[in-house]
Amino acid sequence: MALSLALASTACKTAGDVSEATKEKRTPSVVATPKAAPALTQAAARDALAHYSKTNNLARLSKNRELLDTVEGGPQHAMSLSDLKEEEGLPKTDRKPYRPWAYDLAKTDIYIPRLVPGKQRWFAAVTRAGAQEQLARVLVLAQNAETGQWEMVSTIDIDDPQDLPQIVLDADGYATAVDPASPKLAAPVGTLRAAVGDNFTAGGSKVFAPTKASERQVQVHRKAVTKFGKRGTARFTAGKAQYPGAYALKTTTGTLVIFSHTHVQDDAVAEPGLRIVPEKYDRAWLGTTPSPAFTYTFTCSDIAAVPAAAGPSSLLGYGCRRTDAKANGPSTAV
């Protein structure tokens, strides 16, 4: 009898211990949230801008693509390489002499976001020019994870600087980075990219309010699809973004989003026997031989203001370069 009681007592104690252990395992552990810190200092950002302009000038003057690669990345690098290729494809008498330039840092506002460890470091700047500072350009520089070098990844001229929203700064003067793909945004970057595609491919998008930049894209569509009359066709399609990275900052009215898109233009004759003759700046890519069809790929940088609440976004500016072109079908020299 005593032996049975002892065993029962032991069994109860063991069950209690297991129960307590189970409770401990179920208690959620507390994980510290990584603290966001400024991507860099104001001084370092200004040094990066100065270094970029100096190196860019040297690279462009000497046509040194390897040097250019050290200070540019993403869509900006692709567009610069396109500029070099098209310039070298022109007769020497048509080439314009290169003029060195530099950003006026006294008229440049720098916006440095706080970023958590592990995120790519980047910052934005707005540089102004003109007698009344009526010209504005938005810049984005990002740090190359492999080299540590700051690279210019986007430069976009704003059609109307008055439309540029005010970027929110905290008590220490730092900006707030926003996830551009967040579904909480009135128009995430995927929606903006598709809307830009609609401007080119369909001649408009309901996502955007009327702006000069959006109208310029629509006009590209309208002029292209009618340029051949009944003798040919031009068709736009939205391509997969070659540079899907995007950057966003909180503003007093919502979010400022900088992104890139790719679109394709297919030109073709409408009747057998007709040929399209490559134009002046096409020849670096296509030569001078006519063809019944050509395909052009364009890489572009865009900037849009997204409202805090549901409503249309505003395309504030964009810039595109042809970054590939090819002839389709049999060609006939003339």
Side-chain angles (χ1 to χ4, degrees), residues 39-40 43-92 94-105 108 110 120-127 129 135-158 239-247 258-263 280-287 296-303 317-326:
L40 74 173
R46 293 183 183 279
D47 286 345
L49 284 169
H51 176 71
Y52 168 71
S53 61
K54 179 180 179 180
T55 307
N56 179 275
N57 283 325
L58 291 173
R60 295 295 290 266
L61 282 168
S62 59
K63 308 294 190 296
N64 189 329
R65 289 166 169 78
E66 290 75 17
L67 182 59
L68 187 65
D69 185 48
T70 66
V71 291
E72 286 189 348
Q76 183 63 31
H77 187 229
M79 287 190 266
S80 291
L81 293 180
S82 173
D83 288 341
L84 288 173
K85 184 178 181 69
E86 291 189 0
E87 181 185 359
E88 292 171 348
L90 295 174
K92 290 185 178 181
D94 289 346
R95 299 178 192 178
K96 297 179 181 179
Y98 181 80
R99 295 182 178 180
W101 58 275
Y103 292 119
D104 185 348
L105 297 181
T108 299
I110 296 176
Q120 183 186 33
R121 297 203 297 163
W122 63 276
F123 71 94
V126 178
T127 184
L135 305 175
R137 176 176 291 178
V138 175
L139 319 171
V140 176
L141 285 87
Q143 189 176 45
N144 186 304
E146 296 181 1
T147 66
Q149 176 64 52
W150 287 94
E151 297 177 341
M152 185 72 73
V153 296
S154 181
T155 67
I156 311 170
D157 291 331
I158 303 298
K240 181 180 179 181
Q242 295 173 307
Y243 305 97
Y247 307 87
I258 301 99
F259 60 101
S260 175
H261 84 271
T262 301
H263 67 263
K280 181 177 180 179
Y281 290 97
D282 297 334
R283 293 173 184 172
W285 307 91
L286 303 169
Y296 308 94
T297 299
F298 294 88
T299 298
C300 312
S301 287
D302 310 82
I303 183 168
Y318 81 97
C320 293
R321 295 290 191 281
R322 173 181 22 231
T323 50
D324 193 20
K326 61 181 180 180

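Just so you know, residue 1 is the first one in the sequence shown, and it goes up from there. Just so we're clear, the structure is a prediction, and the values are computed from it rather than from any experiment.
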S.K.: Distance only, no hydrogens: is a donor on one side chain within 3.5 Å (strictly under) of an acceptor on the other, for Asp157 and Tyr318?
M.R.: no
S.K.: Please report the interatomic distance SG(Cys300) to CG(Asp302), rounded to the nearest 0.5 Å.
M.R.: 6.0 Å
S.K.: Can you name the closest pair of heavy atoms from Ser53 and Ala50 and give their distance?
M.R.: OG-O, 3.0 Å
S.K.: Considering non-hydrogen atoms only, spot the tightest contact between Arg46 and Ile110 and give its length.
M.R.: CG-CD1, 3.3 Å
S.K.: Cation-pi check, Lys85 to Trp285: give yes when NZ or CZ is under 6.0 Å from the six-membered ring centre and within 45° of the ring axis, no otherwise.
M.R.: yes
S.K.: Quick check for you: to the nearest 0.5 Å, what is the distance between Gln149 atom CD and Leu141 atom CG?
M.R.: 9.5 Å
S.K.: Taking the side chain as every heavy atom from C-beta outward, state whether Tyr281 and Asp94 have any pair of such atoms under 4.5 Å apart.
M.R.: no
S.K.: Among Thr297, Thr262, Thr299, whose side-chain hydrogen bond (donor to acceptor under 3.5 Å, both in side chains) with Thr323 holds?
M.R.: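 By the side-chain hydrogen bond (donor to acceptor under 3.5 Å, both in side chains) criterion, Thr323 pairs with just one of Thr297, Thr262, Thr299: Thr299.
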S.K.: Return yes when atom NZ of Lys63 has more than 12 non-hydrogen atoms of other residues, nucleotides or ligands closer than 6.0 Å, and no otherwise.
M.R.: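 For Lys63, atom NZ is crowded (more than 12 foreign heavy atoms under 6.0 Å).
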S.K.: I want to check something: taking the side chain as every heavy atom from C-beta on, are Val126 and Thr108 in contact at a cut-off of under 4.5 Å?
M.R.: no
S.K.: Enumerate, atom names and distances included, each donor-acceptor pair closer than 3.5 Å involving a side-chain atom of residues 67-84, sequence neighbours excluded.
M.R.:
unit_1: Thr70; atom_1: OG1; unit_2: Leu67; atom_2: O; d: 2.6
unit_1: Glu72; atom_1: OE1; unit_2: Ser80; atom_2: OG; d: 2.8
unit_1: Glu72; atom_1: OE2; unit_2: Tyr52; atom_2: OH; d: 2.5
unit_1: Glu72; atom_1: OE2; unit_2: Asn56; atom_2: ND2; d: 3.2
unit_1: Glu72; atom_1: OE2; unit_2: Ser80; atom_2: OG; d: 3.2
unit_1: Gln76; atom_1: OE1; unit_2: Thr155; atom_2: N; d: 3.4
unit_1: Gln76; atom_1: OE1; unit_2: Thr155; atom_2: OG1; d: 3.0
unit_1: Ser80; atom_1: OG; unit_2: Gln76; atom_2: O; d: 3.2
unit_1: Ser82; atom_1: OG; unit_2: Arg322; atom_2: O; d: 2.4
unit_1: Asp83; atom_1: OD1; unit_2: Arg321; atom_2: NE; d: 2.7
unit_1: Asp83; atom_1: OD2; unit_2: Arg321; atom_2: NE; d: 3.4

S.K.: For Tyr98 versus Leu61, what's the shortest heavy-atom pair and its separation?
M.R.: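 Scanning both residues completely, I find the closest heavy atoms to be CD2-CD2, 3.4 Å.
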S.K.: Do you know the tightest heavy-atom contact between Tyr296 and Ala325?
M.R.: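 Taking every non-hydrogen atom into account, CD2-CB, 3.7 Å.
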S.K.: Under the side-chain hydrogen bond (donor to acceptor under 3.5 Å, both in side chains) test, which residues partner His263, sequence neighbours left out?
M.R.: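 His263 satisfies side-chain hydrogen bond (donor to acceptor under 3.5 Å, both in side chains) with His261 once adjacent residues are dropped.
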S.K.: To the nearest 0.5 Å, how far apart are CZ in Phe259 and OG in Ser154?
M.R.: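 The CZ atom of Phe259 sits 10.0 Å away from the OG atom of Ser154.
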S.K.: Between Val153 and Ala142, which heavy-atom pair has the shortest distance, and what is it?
M.R.: CG1-CB, 4.2 Å
S.K.: Just verifying a value: how many Å separate Tyr103 OH and Thr127 OG1, rounded to the nearest 0.5 Å?
M.R.: 7.0 Å
S.K.: Taking Arg121 for the side chain and Gln143 for the main chain, is one N or O donor matched with an acceptor at less than 3.5 Å?
M.R.: no
S.K.: Is the closest side-chain donor-acceptor distance between Asn144 and Glu151 under 3.5 Å?
M.R.: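 Their side chains do contain a donor-acceptor pair, which is all the 3.5 Å distance test asks for.
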S.K.: With rounding to the nearest 0.5 angstrom, report the CG to CG distance, Leu58 to Asn64.
M.R.: 9.0 Å
S.K.: Please step through side-chain contact (heavy atoms from CB on, under 4.5 Å) for the pair Ile158 and Arg137, ending with a clear verdict.
M.R.: CA-CA 6 Å; Ile158 303 298; Arg137 176 176 291 178; over 6 Å; no
S.K.: Any salt bridge between Arg65 and Glu88, counting N to O under 4.0 Å?
M.R.: yes
S.K.: Does the side chain of Arg283 come within less than 4.5 Å of Glu86's, by heavy atoms?
M.R.: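 No, side chains not in contact.
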S.K.: Would you say the side chain of Gln120 lies within less than 4.5 Å of the side chain of Tyr247, judging by non-hydrogen atoms?
M.R.: yes
